[in-house]
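Throughout, residue positions are numbered sequentially from 1 according to the sequence presented. Atoms within a ligand are numbered from 1 in the order they appear, just like the ligands themselves.
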Amino acid sequence: MKKISIVVPVYNEEENIEQFYKEICRVMDSQDYDFELIFIDDGSADDTRVFIAALEDRDCRVQGIVLARNFGHQAALTCGLDQADGDAVITMDGDLQHPPQLVPLLLQQWEGGADVVQTIRQTTEGVSWLKKFTSRVYYKILNRLSKVPVQPGGSDFRLMDRRVVMAFRRYREQARFIRGLIGAMGYHQTTLTFIAPQRFAGKSKFSLHKMIHFALDGI
Ligand code: UDP
Ligand code: MG
């Protein structure tokens, strides 16, 4: 049976871990795959690691990696991609803004021959017109400057075939924008649009890095 790795970077998500686990299990248990669920605790200051450890005790498919400090979302994702050994790897957020119900559709496109299935957020519920406008301007400028096209609304909710993951591991840039790197890698890439709900619980982390890359990314 093919194995799927689900890689989830988490920072201060103690209120979301259990719900995320429940929802992803419900979805994966209805599919014909083995799976592993890898949480990367990115130096959380709350009890995230305790909740992950409790799941590890209960379910051998769950694996927790605890980073020594907060390295940021992209570094935590990289750590998970270095660890995952599934035939396909799905990266997604732990706050349920990347709906687990979409996972079967990603798997379907993979089975249909896609090496990368990139999701595109259509809208985030509750986003202001100003953020939508600045987002549009941001992508216009980014695409003028970049040789690699970067799609508006692209997110780090994606499926990658194992051979893409192996190739990706050779990229060792420190300041990384994974969406851009994957986009530049070639392979057979498809997209899937979705509407992001509000986070299930907790707050998004504010950071300057995020301000630059994502704060304008309001759609
Ligand atoms: N995250 C992380 N390290 C950080 C900040 C966030 O691993 O330094 C995780 C977070 O727990 C979530 C995902 O990355 O699972 C996306 O973060 P967030 O929800 O804050 O981003 P947004 O939805 O606002 O883009
Ligand atoms: Mg979020």
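- Only protein N, O or S atoms were scored, and 2 of them lie under 2.8 Å from the Mg ion (ligand 2).
- Here D59 pairs with R61 under the salt bridge (charged side-chain N to carboxylate O under 4.0 Å, His left out) rule; sequence neighbours left out.
- Using a 4.5 Å heavy-atom cutoff, the side chains of Y11 and D95 are not in contact.
- Residues V7, I38, I40, I65, L67, F71, L77, L81, V89, V116, M160, V164, V165, F168, Y171, L181, I182, M185, Y187 make up the rest of the hydrophobic cluster containing I178, defined by ILVMFWY side-chain heavy atoms closer than 4.5 Å, directly or through other members.
- Considering backbone and side-chain atoms alike, G94 places an N or O below 3.5 Å from some N or O of ligand 1.
- Every atom of ligand 1 with a heavy atom of N70 under 4.0 Å away is listed here by number and element: 3 (N), 4 (C), 8 (O).
- E36 and S5 form a side-chain donor-acceptor contact under 3.5 Å, judged by distance and modelled atom types alone.
- Under a 4.5 Å side-chain heavy-atom criterion applied to ILVMFWY residues, the cluster that includes V148 comprises that residue alone.
- Looking at I40 next to ligand 1, no N or O pair under 3.5 Å apart turns up.
- With T193 contributing its side chain and Q122 its backbone, the two residues share no donor-acceptor pair below 3.5 Å.
- Annotation: side chain of I4 is not in contact with side chain of Q31 (no heavy-atom distance under 4.5 Å).
- Ligand 1 has no nitrogen or oxygen under 3.5 angstrom from a nitrogen or oxygen of K203.
- Residues F194 and F157 place their aromatic rings such that the two centres sit under 6.0 Å apart.
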